[in-house]
2 protein chains.
Amino acid sequence: MLDPVSRVRRFNRAVTSAVGALDHSFLGRGRPLGAARVLNAIGQGCSDVGEVRDYLGLDSGLMSRLLRSLEDEGLIETQAHQDDARRRVASLTRAGKREFAAYEALSNTQAEGFLARNAQREALLAAMDLIASALTRDRIALAETDPRSDEARYCLREYYAELGRRFKQGFDVSLSRDPDAKDMRRPRGSFVVAMSDTLPIGCVGLKGTDHGYAEIKRLWVAPSARGLGLGKRLMAVAENAARTLGIALLRLDTNSALPEAGQLYRSTGWREIQRFNDDPYPDLFFEKRL
Amino acid sequence: MLDPVSRVRRFNRAVTSAVGALDHSFLGRGRPLGAARVLNAIGQGCSDVGEVRDYLGLDSGLMSRLLRSLEDEGLIETQAHQDDARRRVASLTRAGKREFAAYEALSNTQAEGFLARNAQREALLAAMDLIASALTRDRIALAETDPRSDEARYCLREYYAELGRRFKQGFDVSLSRDPDAKDMRRPRGSFVVAMSDTLPIGCVGLKGTDHGYAEIKRLWVAPSARGLGLGKRLMAVAENAARTLGIALLRLDTNSALPEAGQLYRSTGWREIQRFNDDPYPDLFFEKRL
DNA sequence: ATTTATATCTGACTAAAGTCAGATAATGCT
DNA sequence: AGCATTATCTGACTTTAGTCAGATATAAAT
């Protein structure tokens, strides 16, 4: 009852029953769970039939029948894939969109109800983020993204907020050299966001300069995703991007108030160098030759 | 993607798939999930057939058939209940115990694997406790317990540890008036533990004295269970116990370093009184007439 | 002692989920 | 063009889950 494994198992029992309750509420819409799941997958943007099948782990025969039953209900339409007529793509009809919205409303109501019933709202959300990140650690997708995208800007906001908390003197973006978005876009640079499901949980920027090197900027990993080796993965992707852009020398600056960052750089082939800019915040400078 | 509801739903998706994976591993033992669940419920100590049925939410016909199939496999035996021959009690045979242990091992391995794969072990466990408590808040059972039981002693250890953290000068049990267990047992007093699933998450003691009043002692609510109104529930049960014991006057002492406790007392009909003992730790004293 | 209530079981049924062996049609390769 | 590959579909099937109306035996109430 007090050992870690029992605590994990108590958690498992609690969420199993909660998941069961949500499934049960889905049944209330008069459709078997299998069909409801397919409808929701399609609504979420899994349009390719094969993609849905893989996502839900269904047999192709079963999948086919579920699609037919949704078609008979008038909720979806299927047509051949543009480039490959063997594949089929499904899309929601108007009625299908209404029905999908009803399922979404059920899920949202359940989530809101959970939050409303409990005090400690922020603590609960943080706990959920942490656990979801741990559970989906093998499904974290790193993707090159425009630094002006919603995901990227969410990451940057969180990053600045964290610097503000961790620097004694606080942090004001405008005081720092805020790299222009276009320097972190191909072909001058790159910007990579780590997504776990629909939540951005990390980022890194590669900023092109005119000084014969590129800079690594804005490396951030969400608190809920630390300890998963995500920092290393992000850095590796950024370095690879630099290689494909023909960049031979990387530099970065950081602050000794972020010891885990310095540690990461030292352990992945970066060497400390003299200050190479006059930004007021950093007090540590690194370089790596690719 | 950033709003609270989306974060809850991301969590839901993550745990749904984790729960599914565990169920799938259970299927690996060649038995349908329904039968496996019944076997596990019996192994966990749900011996009464009706109890298992309620716990798993099964139809009586289905339950009966699942029991037969487990009997045919030689995993369980059933017999009539001692006091009521209509009811049946099930128990595991030797083979059933082996099979139950195999399921337990699967669950434990899964839990250990989860903990081993992730850093932030303590943070994860705390997050799981928090969420499990929130999800099972309607199923918290308050039960009168012997103050020497494992559950009670676990609560007391946690309680003392928390006082140690919150008092500036620390807390040493031996310095405080450690109430004798027998004063917190019927007929002199009572001790109540709040259980969420198998985890003790709160307690309160009613300690009989020879001074014409009884004392409320050791009111504790686990950090993961705060904000659920559990403190009030525990106090209400303790006061009811006092009433059934014919106690007319209650007193308690507390410390201003625990503001939420003082708040609770004030809001539930307690009034502050003069110091009534020479215990070095408390600096606030309350009384309530029943 | 009779009636009513309770706990479990049995039989007959339906619905849902899942499996598997082809059938069909488009694609890719040589 | 011919052949293997791939994506999906169809039909025939099994298993699992769940429902419901009695049947049976015991217990509790009057």
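Values below: all heavy atoms of this structure, side chains included; hydrogens, waters and symmetry mates excluded. Each chain gets a letter, A, B and so on, in the order the sequences are listed, and its residues count up from 1. What you see is a predicted model, and the numbers here were worked out from it, not measured in a lab.
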Listing time: all N or O pairs from protein to nucleotides 5-7 of chain D that are below 3.5 Å?
| from | atom 1 | to | atom 2 | distance (Å) |
| --- | --- | --- | --- | --- |
| D:dT6 | O4' | A:R86 | NH1 | 3.3 |
| D:dT6 | O2 | A:R86 | NH1 | 3.2 |

Flag for B:S64-B:R68: side-chain donor and acceptor within less than 3.5 Å: yes
B:F26 atom CZ, neighbour heavy-atom count above 12 within 6.0 Å: yes
Check: B:R10 side chain, A:S196 main-chain N or O, donor-acceptor pair, under 3.5 Å: yes
Sidechain N-carboxylate O distance under 4.0 Å for B:R9, A:E104: yes
B:S25 and B:Q110 side chains, donor-acceptor separation under 3.5 Å: no
B/S/- contact track for nucleotides 13-19 of chain D, protein heavy atom under 4.0 Å: ---SSBB
Side chains of B:R185 and B:T145, donor plus acceptor under 3.5 Å: no
Span of DNA chain C in contact with chain B (heavy atoms, under 4.0 Å): C:dA5 to C:dA12
Side chains of B:R37 and B:N40, donor plus acceptor under 3.5 Å: no
Side-chain donor-acceptor pair present, A:R31, A:Y103, cut-off under 3.5 Å: yes
Donor on one side chain, acceptor on other, A:R13 and B:T136, under 3.5 Å: no
Under 3.5 Å side-chain donor-acceptor pair for B:S149 and B:D146: no
